[in-house]
S.K.: 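Below you'll find the structure I mean.
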Amino acid sequence: MRRSARNGAEISTSNSNRGAIASAALLLFFIFVFTFESKQALPGAGEEQLVYSKYSHKHYDNTDQSGVGVLEDDIDDDENVNDNEYDDNDENDDDDDYNDVDDNENENDSVSEDGNSIDTSEGTTVISAHSDSDENETLLQQKPIFEKEEKDWGKWKFWDGYTESNGPRPEIKYTSHENRDFPSDDIPDESWHADAVYINHFLDAGMNLVSRTKEAIVAEYGLDNDLPFHINVVDIKKSENGEDELVRSAKKIGGGGWIESKSLDGLMLRLLHAMMTEDEFHVVVAGDSSAVGLGNNFNQSYAVQFHELMEPVFDRFGVKLVTRNMAHRSGATIGMSLAGSSLYDSDIDILVWDAPLTESDIGDIEFFHRQALLSGNRVPFLWGGVLSELSNLHTSTGADVGIPDWSTEGVPVTKNDAHALELPWAARYLNCEGQFAEICPTHKFNSICWIDRDDITPPTEQKKHPDGQENETNLGFREHRFRGRKLSYLVLTALGRTLDRWMEKSMSEGYPIGDDMWHVSDYFNAIRGKTSNMHDSFCESRMKILPRLCNVPMKGRSEYTPRFKPDETSIRSILTSSPNGMSHSFPSSVMLYDIFDLPILSQKIPDEALNVVEIAGKRLLRRRRLVENSELISKSVDGKKKEEEKKTENPKEVNNADGKNKEEEEKNENPED
């Protein structure tokens, strides 16, 4: 069963000392209120990076989505309905689909109103991504060069022909069932779930999409094999001396990390469930300053790099991808864990732990993981941690686990600047081993804080680049992109196997597939129940004063950012009026401007480089969004001009208004009058 806030202890996290966790736990025993050190997060990179998309929940609605914080998309605006709808490389692919910005947009497209909706709401200063106006005007006129990627790699050519002659398919009330686990017996015959023709062609197109995206990731780095990205499927067992060891299920060894074999089945279950129920899929990154992306612009962190690549892939399968970078510059996952799902997310599917620099106590890491298993509506797949701790969790509870390998093994070594030019763009200055180790750090960052623009002048002087570049442990944009690719490869690997299994089961058992293939409620409840009954583990050794914390789902409030739904999870949100009726008021921050940020041209992928994001699905939105945003600017400028013209045409009204203002000022200065 789902657990609500009532089932857990209510806590607050605001201002205290991290070193006093033990004594604070004792305080929790009496009042269940915990305070935690609150530091101002780095604007932009340190805030919650919530990435939404413009997407369609319907497989048969031939639309795509907008990536947040980027200006690219995959919109097949001029699909030829006479093309071979299931062939990614059909003879009509030479057609020029890009002469018009929005030639044949589906009127049912679900378009987000805000366009760029990364949430950086808590106390940010002006750190933006703008380009000079002259350069942007030129960029507006440019035609996107995506034809080569389509011809070489193919594109999505599937749609639902049923809707053209029969209208929309019947809607299913997913939310009427726990975890959207509606019975397969209740699926209408007209639903896409039960349509054999639809499923077969949809899965075929999906397999092609997954395969070419994986191949493009490998080709992006100029490799002829997937060694740096390949995910090892392993079994965990005890060695003769009692230590945990990994037994690979296949001879091939890869550098992308490992996933336990049954845990791979669990990740596949989550992916299939999301597709069957047209749901959201949530990926959350928790960690230290490296995971935050300090020194970089927020869109360069590997959480956003993962989302930029995978969001169009998920959209093709009718799933909305939500990615949150919830890492902290202090790496304080244990403090956030004391407020569980309240501060991270309540519906996590993949939870990445990445705080090895600041959190080395194995008890803290297990506490973080156990709270994740207990607190939310979903039970996440755990990616990252310590082998012995994850092995114990998997054996004791059935939790799905794996560990990434962030090394650059297998990537071509950059020897010098001249040699870098011979390497693929993505591989340049990424791997500088041995005698070449000093070369890469000089090309680590390309982030900026502000580019001067005519329409906005910041009230304070802006820094040249975000804080954190002086810390050599913080990752540069190349490493972040590389990690984003590794995380993407994990999901693509599981997604490909999911589609294979879906096809196999459909062919052998019919349509729709059985409930046991994709229902998650029993699976989640079993893991959560065993986790709540764990005892005498690493967490209990750490929380000696109050071991109950390891078995109780925690909820809470905080002023520390980033956090999930900041307005609802702040300490201020639970304050009430005092007995004398006095209410609490807090200063509200006002955005310096509310128009869009243009891309940083220096961060643009060169035209000659392989653009994996375009191959995965984003093609046309850069030009379309720039046009739309230029229209917004024009409207804003026109509005100001009209206001000035109105003042000029009606000077009396302006004078009267000024007179009234002067009267008000005089009254304020002379209250006795």
Side-chain angles (χ1 to χ4, degrees), residues 210-211 214 217-218 223 225-272 283 285 287 302 306 348-356 362 365-366 368-370 372-373 379-411 482-501 504 520 523-524 526-527 530-531 534 537-538:
V210 170
S211 295
K214 292 176 67 177
I217 291 175
V218 175
L223 305 173
N225 62 73
D226 68 345
L227 174 63
F229 308 101
H230 180 76
I231 303 299
N232 300 293
V233 182
V234 306
D235 293 317
I236 304 175
K237 73 173 187 178
K238 294 289 185 182
S239 62
E240 294 181 357
N241 58 5
E243 295 182 356
D244 295 297
E245 63 179 12
L246 304 178
V247 180
R248 288 177 171 82
S249 302
K251 294 182 179 180
K252 185 174 182 179
I253 300 175
W258 61 263
I259 183 172
E260 199 278 332
S261 58
K262 293 182 179 178
S263 298
L264 176 58
D265 291 335
L267 181 54
M268 291 164 57
L269 174 68
R270 292 171 176 85
L271 289 166
L272 183 53
V283 178
V285 175
Y302 74 80
F306 161 80
I348 305 175
D349 293 289
I350 296 179
L351 179 61
V352 181
W353 178 88
D354 187 13
I362 194 171
I365 302 171
E366 187 180 85
F368 166 79
H369 282 148
R370 285 170 66 170
L373 298 177
V379 173
F381 163 71
L382 307 177
W383 184 240
V386 179
L387 173 58
S388 58
E389 174 257 336
L390 291 176
S391 172
N392 183 50
L393 273 179
H394 174 71
T395 303
S396 302
T397 70
D400 298 321
V401 301
I403 293 182
D405 181 349
W406 299 131
S407 71
T408 56
E409 180 183 1
V411 176
F482 189 59
R483 290 191 177 194
R485 298 295 189 260
K486 289 201 175 197
L487 182 55
S488 298
Y489 211 85
L490 164 72
V491 176
L492 288 167
T493 298
L495 189 55
R497 296 198 181 200
T498 302
L499 299 176
D500 287 338
R501 181 174 295 181
E504 178 184 343
V520 297
Y523 188 75
F524 287 170
I527 296 175
K530 292 178 181 178
T531 303
M534 280 188 70
S537 188
F538 302 110

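In this text the structure is predicted, and so the values were computed from the model without any measurement. For reference, positions follow the sequence shown, starting with 1.
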S.K.: Tell me, do Leu351 and Phe368 make a side-chain contact under 4.5 Å, heavy atoms counted?
M.R.: yes
S.K.: Within the 4.5 Å heavy-atom criterion, are Trp258 and Ile236 side-chain neighbours or not?
M.R.: yes
S.K.: For Val210 and Leu499, work out which heavy atoms get closest and say how close.
M.R.: CG2-CD1, 4.1 Å
S.K.: Has the side chain of Lys214 got a donor or acceptor atom that lies under 3.5 Å from a matching backbone atom of Thr493?
M.R.: no
S.K.: Measure the shortest side-chain to side-chain distance between Asp265 and Arg501 over non-hydrogen atoms and say whether it is less than 4.5 angstrom.
M.R.: yes
S.K.: To the nearest 0.5 Å, what is the distance between CD1 (Ile365) and CG (Leu390)?
M.R.: 8.5 Å
S.K.: Considering all heavy atoms of both residues, which atom of Ala494 and which atom of Leu264 are nearest to each other, and what is their separation?
M.R.: CB-CD1, 4.0 Å
S.K.: Which heavy atom of Ile350 sits nearest a heavy atom of Trp383, and at what distance?
M.R.: CG2-CB, 4.5 Å
S.K.: So which pairs with a foot in residues 393-404 pass salt bridge (Lys or Arg N to Asp or Glu O under 4.0 Å), sequence neighbours left out?
M.R.: Arg270-Asp400
S.K.: Side-chain contact test, heavy atoms from C-beta onward, threshold under 4.5 Å: evaluate it for Tyr302 versus Val352 and give yes or no.
M.R.: yes
S.K.: With ring-ring contact (aromatic ring centres under 6.0 Å, His included) as the rule and sequence neighbours excluded, what pairs involving residues 384-405 come up?
M.R.: none
S.K.: Donor-acceptor check, side chain of Lys486 to backbone of Gly255, threshold 3.5 angstrom: yes or no?
M.R.: yes
S.K.: Identify the two heavy atoms, one from Ile231 and one from Leu490, that lie closest to each other, and give their separation to 0.1 Å.
M.R.: CG1-CA, 3.8 Å
S.K.: With a 4.5 Å limit on heavy-atom distance, are the side chains of Met534 and Asn392 in contact?
M.R.: yes
S.K.: Quick one: salt bridge (Lys or Arg N to Asp or Glu O under 4.0 Å) pairs with a partner in residues 381-391, sequence neighbours left out?
M.R.: none
S.K.: With sequence neighbours left out, write down each residue that passes ring pair (Phe, Tyr, Trp, His ring centres under 6.0 Å) with Phe538, or none if nothing qualifies.
M.R.: none
S.K.: What's the shortest heavy-atom distance between Ala372 and Pro380, and which atoms?
M.R.: O-CD, 3.5 Å
S.K.: Taking all heavy atoms of Ser263 and all of Ala399, pick out the closest pair and write down the distance.
M.R.: OG-O, 3.8 Å
S.K.: Heavy-atom distance under 4.5 Å between the side chains of Phe306 and Tyr489, does that happen here?
M.R.: no
S.K.: Would you say the side-chain atoms of Asn232 pair up with the backbone N or O of Gly257, donor to acceptor, closer than 3.5 Å?
M.R.: yes
S.K.: Which residues satisfy the salt bridge (Lys or Arg N to Asp or Glu O under 4.0 Å) test with Asp500, sequence neighbours excluded?
M.R.: none
S.K.: For the pair Thr531 (side chain) and Ile527 (backbone), establish whether a donor and an acceptor sit closer than 3.5 Å, ignoring hydrogens and angles.
M.R.: yes
S.K.: About how many Å separate CG of Leu373 and NE2 of His369, when rounded to the nearest 0.5 Å?
M.R.: 8.0 Å
S.K.: Under the rule for salt bridge (Lys or Arg N to Asp or Glu O under 4.0 Å), what residues qualify as partners of Arg370, not counting sequence neighbours?
M.R.: Glu366, Glu540
